Amino acid sequence: MSEKFLDKVIVDSPGRINIIGEHTDYNLGYVLPAAIDKRIRFTLERNDTDSRCEIRSKGYEKALFVDLKHIAPSTTQWENYILGVLYEIGKRTNKLKGFQCSIESDLPVGSGVSSSAALECGLAFGLNKLFDLGLSKHEIVVLSRDAEHNFVGTKCGIMDQFASVMSKKDHVIFLDCKSMEYTHVPFNINPYKLVLLNSNVSHNLAGSEYNTRRKECEEGVAILHTKYPSVASLRDATLEMIETCKTDMSPEVLDRFTFVVEENDRVLAAVEALGKDDLKTLGNLMYQTHEGLHYLYEVSCPELDFLVDYTKNLKEVLGARLMGGGFGGCTINLIHEDAAEVFIKEVSIAYEKKFKLKLTSFEGHSSAGTTLL
Ligand code: GLA
């Protein structure tokens, strides 16, 4: 046994919230996410075999057995996050060996707080430590994103994995997804707080429509590029350029483009507002994002619209919007701390009455990224 290797590591890998900047990451724009204090915990141990791995997740009776020499996608979706990470690590290094892994989580699945990125990044981070693989944090982020593309099939952007690994307590990450430059912006919203309302719906459109949006954007950018060769992604486009392509694109694609260009501007405005402690402006921007996601990007659903609309006449709520890819999951609400308890109680009753569904809630505290315990 090499001295260099640890025998056992325990890693906490958090979910994330996103203050603003939705569907901008794969369009190489700006995002403003943060890790939260809900996480997946991995306990990883070397088992001194060359390639045999056993992964157990609390709540799932069946263990996943993997031979590192023969990794192929599974028909069980959660297994693909694991398999994808092992496969992507194998493409980058041959130092990975057999291990035992047990997983437990307090992250709600399918609620838009990216339990998937937490799963991918936590496993990659832990194995990197256990076997001294020499992967940088940036490589862990990228390989986790690649795992999701190649094994899970969601053509996601980089935001979730980046936030899960790179976050800093009491800060949000202002990330430029084109240059990958980032800054940790102090996040002090006292006496307000972030409340997440989990609609507990996850419409099965989520995966397919997500990929469709991405494809629509890429095809539209190709058209823009023929007219404006300097435009390589939506990040380089302006509303004026888009206006001149009106006859070349479908109204849907024009709407998607308008949303993304405006959303990038909103992220910049949000960072400025945070710098001035101007939470009212931040809240207004969040409402505008929701409108755009509903009317232009068309990724909302009745449950999320209801939850956002409910807040509009409450002066204690400065802003609310759907968070993440859409079609279900959570809304994020910027609310005065004194009003949070009553708000949650009342909106839960109204939601349950309307949709015959339970609403669950939790607070979003910006926290550190993936951590070795
Ligand atoms: C999902 C994806 C992210 C991002 C958001 C929407 O969470 O994983 O990459 O595109 O949707 O902003």
Side-chain angles (χ1 to χ4, degrees), residues 13-36 77 80-81 84-85 107-121 141-167 172-178 180 182 196 198-199 202-203 205-218 233-235 256 259-264 266-267 270 285-286 288-290 292-294 296-301 304 321-332 364:
S13 184
R16 65 101 187 91
I17 49 172
N18 186 23
I19 310 302
I20 202 157
E22 231 49 281
H23 290 276
T24 44
D25 58 354
Y26 56 84
N27 286 305
L28 304 191
Y30 303 111
V31 290
L32 198 61
I36 50 172
Q77 194 59 311
N80 284 323
Y81 294 100
V85 166
L107 259 183
V109 174
S111 61
V113 289
S114 206
S115 53
S116 48
L119 190 56
E120 296 149 3
C121 295
V141 167
V142 171
L143 82 81
S144 298
R145 189 268 323 264
D146 291 351
E148 188 141 348
H149 282 206
N150 299 333
F151 267 65
V152 181
T154 307
K155 304 289 180 195
C156 61
I158 200 84
M159 168 172 75
D160 302 349
Q161 292 77 11
F162 200 94
S164 187
V165 175
M166 307 295 236
S167 287
V172 289
I173 302 182
F174 173 39
L175 170 66
D176 177 340
C177 300
K178 186 177 176 185
M180 295 308 286
Y182 66 99
L196 282 296
N198 187 353
S199 66
S202 180
H203 293 285
L205 280 175
S208 60
E209 286 294 310
Y210 184 90
N211 287 350
T212 306
R213 293 296 178 285
R214 183 167 184 158
K215 201 155 165 270
E216 283 171 341
C217 290
E218 282 165 2
S233 71
L234 271 182
R235 171 64 179 284
R256 312 289 189 248
F259 171 77
V260 172
V261 172
E262 290 179 347
E263 182 72 350
N264 277 326
R266 279 191 286 268
V267 179
L285 292 164
M286 290 167 71
Q288 287 169 29
T289 292
H290 187 80
L293 289 168
H294 173 98
L296 300 175
Y297 223 71
E298 295 183 284
V299 292
S300 191
C301 60
L304 295 171
R321 63 178 197 81
L322 80 84
M323 194 182 73
F327 302 106
C330 288
T331 62
I332 179 166

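It should be emphasised that the depicted structure is a prediction, and the values quoted were computed from it without experimental measurement. Counting starts at 1 for both ligands and their atoms, following the listed order.
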Task: Quiz item: cation-pi between Arg266 and Tyr30, 6.0 Å / 45° - done: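 No; the conditions do not both hold, so Arg266 does not lie above the ring face of Tyr30.
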What short N/O contacts, under 3.5 Å, does ligand 1 make with the protein, listed by atom pair and distance?
| from | atom 1 | to | atom 2 | distance (Å) |
| --- | --- | --- | --- | --- |
| ligand 1 | 7 (O) | Arg16 | NH2 | 3.0 |
| ligand 1 | 7 (O) | Asp160 | OD2 | 2.8 |
| ligand 1 | 8 (O) | Asp160 | OD2 | 2.6 |
| ligand 1 | 9 (O) | Asp25 | OD2 | 2.5 |
| ligand 1 | 9 (O) | Gly157 | N | 2.9 |
| ligand 1 | 9 (O) | Tyr210 | OH | 3.3 |
| ligand 1 | 10 (O) | Asp25 | OD1 | 2.8 |
| ligand 1 | 10 (O) | Asp25 | OD2 | 3.4 |
| ligand 1 | 10 (O) | Tyr210 | OH | 2.5 |
| ligand 1 | 11 (O) | Gly325 | N | 3.4 |
| ligand 1 | 12 (O) | Glu22 | OE1 | 2.7 |
| ligand 1 | 12 (O) | His23 | N | 2.6 |

TODO: Scan Asn27, Thr24, Asp176 and name whichever one has a side chain to side chain donor-acceptor pair (under 3.5 Å) with Arg235.
DONE: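 Of the listed options, the one satisfying the test is Asp176.
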Task: Salt-bridge present (Arg145, Glu120; N to O < 4.0 Å) - done: no
Task: Flag, side chain of Arg16 to backbone of Gly112, donor-acceptor distance under 3.5 Å - done: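 It does hold such a pair.
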Task: Glu263 (side chain) donor-acceptor with Glu22 (main chain) under 3.5 angstrom - done: yes
Open item on the list: Can you classify the ring geometry of Tyr26 versus Tyr210 as parallel (below 30°), tilted (30 to 60°) or perpendicular (above 60°)?
Closed with: perpendicular
